[in-house]
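Report on one structure; see the data block that follows.
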Amino acid sequence: MPELPEVEVVRRGLANWVAGRTVADVQVLHPRAVRRQPAGAEDFAARLTGTTLGSAQRRGKYLWVPLDGTGAGFSLIGHLGMSGQLLVQDASVPDETYLRVRLRFEDGGRELRFVDQRTFGGLAVEEAEDGDPEGTPVSIAHIARDPLDPRFDDGAFAAALRARRTTVKRALLDQTLISGVGNIYADEALWRAKLHYDRPTATLTRPQAALLLGHAREVMTAALAVGGTSFDSLYVNVNGESGYFSLDLDAYGREHEPCRRCGTPIRRAAWMNRSSYFCPRCQRVPRSR
DNA sequence: CAAGGCTCCTGATAGC
DNA sequence: TGCTATCAGGAGCCTT
């Protein structure tokens, strides 16, 4: 699933391949892909057609591309959900089975295609938050900065984490506290920090909170370095998962395999209608709530 | 207001 | 063979 590193690879791809190009034509092939557009698919297409795309921005798992020529402050905003891909494709390439939106450009070059099997992702054209110099679209104003953002405040995060009355993995997945972290990198960061996913945040010491943040930042930075190599010419990313398969995961998806620290088999636990992978020896269950 | 749970969606896979 | 159940899970929305 695309988390911060995968989305950053896509952002770079957009910046390289579509920035500066003018939209000639927009096709919405599945209405759900633009469900965040209040006035619907036709309005989405109309707002995009004739605009020139700027350089893609990212916050957490959200992307946005500033639009010139529609008046100030509008952007094409996107989220990949679980299975979304943004592909830069030659027009001669047959339509993908789950092609949802197609953008053609006035230069007649490669198309931008939004492909999404499970339709949790989506696109919209949206105005910027009033007076925001970064042009952040209104619907993501509530999303926290991510740990790769130079303006992320480590101290404020540690304090906010410890002030929460919840458990640590829930907090890591809360995009209003820290953005960009999904199920995979949450499990990886917790493994590195030797913390159990159900550890109450209020019991973390300040150094533990700082270490956890450091591990989250490190694992996503390492994944980005790997994902970046798999991205070259035709596609914004190669396969929509952009190389996260090649990252050496220590916990996620490794049920029954030995912990790389202590050899104890990694365990998978049902957790919030999904899974948590952890080492039962390195990441001890908290004694009480 | 914070926290937690439900739901959207489709395909792969397991089990009977 | 063909059906049903389960799992994958981000985030908006609703309830408590």
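First the proteins, then the strands, lettered A, B, ... as listed; each starts at 1.
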Next item on the list: Take the C1' atoms of the five end pairs on each side of the helix from B:dA2-C:dT16 to B:dC16-C:dG2, derive the two axes, and give their angle rounded to 10 degrees.
Entry: 50°
Item checked: Listed nucleotide nearest any side-chain atom of A:Arg274, set C:dG12, B:dG4, C:dG9 -> C:dG9
Notebook entry, point to check: If you look at every heavy atom in A:Ala251 and A:Asp187, which pair is closest and at what distance?
Noted result: CB-O, 4.0 Å
Item checked: Value in whole Å for how far the P atom of C:dG9 lies from CG of A:Asp116 -> 15 Å
Check: In this structure, which one of A:Arg284, A:Gln208, A:Lys169 forms a side chain to side chain contact (heavy atoms under 4.5 Å, CB included) with A:Arg199?
Finding: A:Gln208
Next item on the list: Locate the shortest heavy-atom distance separating A:Ala209 from A:Leu161; write the atom from each residue and the value.
Entry: CB-CD2, 4.0 Å
Margin query: Classify the ring geometry of A:Phe152 against A:Phe157: parallel below 30°, tilted from 30° to 60°, perpendicular beyond 60°.
Written below: tilted
Check: When the distance from CE of A:Met272 to P of B:dG4 is rounded to whole Å, what number comes out?
Finding: 9 Å
Could you go over nucleotides 9-14 of chain B and give all protein N or O partners under 3.5 Å, atom names and distances?
| from | atom 1 | to | atom 2 | distance (Å) |
| --- | --- | --- | --- | --- |
| B:dG11 | OP1 | A:Tyr98 | OH | 2.3 |

Checklist line | Heavy-atom pair of closest approach, residues A:Lys61 and A:Gln175 | finding: NZ-NE2, 3.6 Å
Next item on the list: To the nearest Å, give me how far apart CZ (A:Arg170) and P (C:dG10) are.
Entry: 14 Å
Next item on the list: Provide, to the nearest angstrom, the distance between the CD atom belonging to A:Gln175 and the P atom belonging to C:dG9.
Entry: 14 Å
Checklist line | A:Leu177 reachable from A:Leu4 in the ILVMFWY side-chain graph, under 4.5 Å edges | finding: yes
Next item on the list: Nearest-nucleotide wise, let me know which of A:Ala163 and A:Asn273 is further upstream toward the 5' end of DNA chain B.
Entry: A:Ala163
Notebook entry, point to check: A:Trp191 ring centre to A:Arg261 NZ or CZ under 6.0 Å, with the angle to the axis within 45°?
Noted result: yes
Check: Looking for any heavy atom pair under 4.0 Å, which part of the strands does A:Ser83 touch: base, sugar-phosphate only, or nothing?
Finding: nothing
Checklist line | Candidates A:Arg100, A:Arg35, A:Arg32 - the one meeting side-chain hydrogen bond (donor to acceptor under 3.5 Å, both in side chains) with A:Thr119 | finding: A:Arg32
Item checked: Side chain of A:Tyr62 (C-beta onward), nearest among B:dA3, C:dG12, C:dG9 -> C:dG12
Next item on the list: Could you please name the option among B:dG4, C:dG12, B:dA3 that lies closest to any side-chain atom of A:Thr166?
Entry: B:dG4
Margin query: Whole angstroms only, please: what is the CG-P distance between A:Asp198 and B:dG4?
Written below: 10 Å
Margin query: Heavy atoms from C-beta onward define the side chain here; which of C:dG12, B:dA3, C:dA8 lies closest to that of A:Arg36?
Written below: C:dG12
Check: In whole angstrom, what separates A:Trp271's CH2 from B:dC6's P?
Finding: 14 Å
Item checked: Close side-chain approach of A:Arg59 and A:Trp64, heavy atoms under 4.5 Å -> yes
Note to self: According to a hydrophobic-cluster definition based on side-chain heavy atoms being under 4.5 Å apart (Ile, Leu, Val, Met, Phe, Trp, Tyr only), do A:Val181 and A:Met272 belong together?
What the structure shows: yes
Check: Atom CG of A:Leu161 and atom P of B:dA3: how far apart are they, to the nearest Å?
Finding: 11 Å
Next item on the list: Look at all strands and tell whether A:Arg35 reaches a base, only sugar-phosphate, or nothing, counting heavy atoms closer than 4.0 Å.
Entry: nothing
Check: CD1 of A:Ile77 versus C1' of C:dG10: gap in Å, rounded?
Finding: 14 Å
Item checked: Nearest-nucleotide pick for A:His142, side chain only, options being B:dG4, B:dA2, C:dG12 -> C:dG12
